[in-house]
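These notes are about the structure you will find just below.
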Amino acid sequence: MSTRKRLEELRSQRWFAANDLRSFGHRSRALQMGYGREEFLGKPVVAIINTWSDINPCHVHLRDRTEAVKRGVWQAGGFPIELPALSLAETYVKPTTMLYRNFLAMEVEELLRSHPVDGVVLLGGCDKTTPGLLMGAISMNLPAIFLPAGPMLRGNYRGSYLGSGTDVWKYWADRQAGEITEGQWQEMEEGIARSFGTCMTMGTASTMTALAETLGFCLPGASSIPAADSNHTRMAAACGRQILRMIWEDVKPSDILSRAAFENAMTVLFAMAGSTNAMIHLIALARRSGVPLTLRDLDETAARVPVLVNCRPAGAYLMEDFYYAGGLPALWSELRELLRGEARTVAGPSIGEIAAGAQVCNADVIRSLDNPVSGADGLAVLYGNLAPDGCVMKPAAADPRLRRHTGPALVFDDYQHMKDEIDREDLEVTPDHVLVLRNVGPLGGPGMPEWGMLPIPKKLLKRGVRDMLRISDARMSGTSYGACILHVAPEAFVGGPLALVRTGDIISVDVEARTLSVDLTEAELERRRAEWTSPKKRYQRGYGWLAARHMLQADQGCDFDFLETAFGDPVDEPAIF
Ligand code: FES
């Protein structure tokens, strides 16, 4: 049963209510900004964390949405304050936004801790933004609601739809093989991204926003609304109103993030054939929440949840179609027997109650358990002497012949090495080779860039080869596909077995048996390990230096060790005045 908070219990009142010198300063400075006393005194203060920037096409509408959120906050009797935060534009930030996910998480936590804030509306959606925002909010544990940025409209090219990322990879391979002209390529460039918003395939952005909603952080259906739809603006205002209810009823992340919530998130992840990146983020979110969650949990869930969402890259449609088909609540309604309906949401009703009121409007886009897009084949976690702590693969996205494969390794020591070699006409490579890219993991990258979908060598592309077995300690884009084995842990940079493989060694993968191994004796691996020396760290100072010392391995979620819930005593609240 919820209890209503009293005004004097709100954090913000420490700044504004006291009759002392410091509060005089806080009040006089609010008055300085043109607010009347009646506008900010005696009201909850709502932070709006905005990840807008001029170079983030996925978030470029968030200044407008912030105004709508403010409207909702004012309507419900709150005082809104916009706090800008790091904007992680997946396409522009190098070497990878993943390097900065923890930076954003830390920034969110500290913005909330240091300001007079009673609750927060989080705005974002481009890949690493969603986990970054949620991780910070979980650690701070103030009432928090998430407004996903929303997917962009469908891409168009000569009468057919183009999907972010997925169709780029597909047509790029055709272009490399000489099957697409420069003019056609330019037409695609002009047609693929038609509006603001996040990638409209079931890539990392759409996966993570759907998982945020499934974890209970959103109002029903919020993650499916296209960014350019007027419903999105109305949803923003509704979030502004809802956060006031949450503040008064003291609904915090710790109240919704149960084991049941994470089990539901895993189920939805595989029913959507979602991004492999989400596995890292889910583990990080769970660890922040104090809920144990491992790769084995993910593998076990993947083995029993069929793919119901028919969206690219695993299916045919795009996020706009998913929205028209009923969006996430409609998917929950089809998954009801696999979900734990008692899990709470910030909206008030449980997942089960929301699902009961939802309906699928297009049974080809959101399939039923009786008629899935594909079986429970969305993900496999493999172990073996090449990945003692695990690695992941999307079998459904791979050429079936590569599910069980043995071939010689062709090893690249880093990304530049691969780039220099991969398209050489005299490269000794066959379709049976296993391409290996290493030193691109959490500490080696650093930040695990999305380099795991290694390009097929040009000479093989021209022969019609479109898939090969590829192994790395990197990640890959959620919009990618192919027989790519990713997230190998421990990574090569810290001396994981991937560091010891040489070109010509025989590598075997068996998806059904969940194994990945190199045909070397333990004695030989030990001999090579004794000769191995750690590569030089890429960043010798600054944030990259910090990340390369504190980022955890992929199987542990890539959080910084010192940000995890279990690290050290909780930070003292209230803030020191
Ligand atoms: Fe932002 Fe894909 S680039 S969501």
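One-based numbering, in listed order, for ligands and for the atoms of each. Just so it is clear, the model here is predicted, and its values are computed rather than measured.
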**Message:** Among residues at least two apart in sequence or on other chains, which ones pass salt bridge (charged side-chain N to carboxylate O under 4.0 Å, His left out) with Arg288?
**Reply:** Glu109, Asp559
**Message:** Given 3.5 Å as the limit, does a donor-acceptor pair link the side chain of Arg470 with the main chain of Met468, or not?
**Reply:** yes
**Prompt:** With a cut-off of 2.8 Å, how many protein N, O or S atoms neighbour atom 2 (Fe) of ligand 1?
**Reply:** 1
**Asked** Has Tyr92 got more than 12 heavy atoms of other residues, nucleotides or ligands less than 6.0 Å from its OH?
**Response** no
**Prompt:** Please walk me through it: do Asn231 and Tyr323 pass side chain to side chain donor-acceptor pair (under 3.5 Å)?
**Reply:** CA-CA 11 Å; Asn231 279 297; Tyr323 175 60; 3.3 Å; yes
**Prompt:** Any chance CD of Gln359 has more than 12 other-residue heavy atoms, nucleotides or ligands included, within less than 6.0 Å?
**Reply:** no
**Prompt:** Judged by modelled atom types alone, do Ser275 and Thr204 share a side-chain donor-acceptor pair under 3.5 Å?
**Reply:** yes
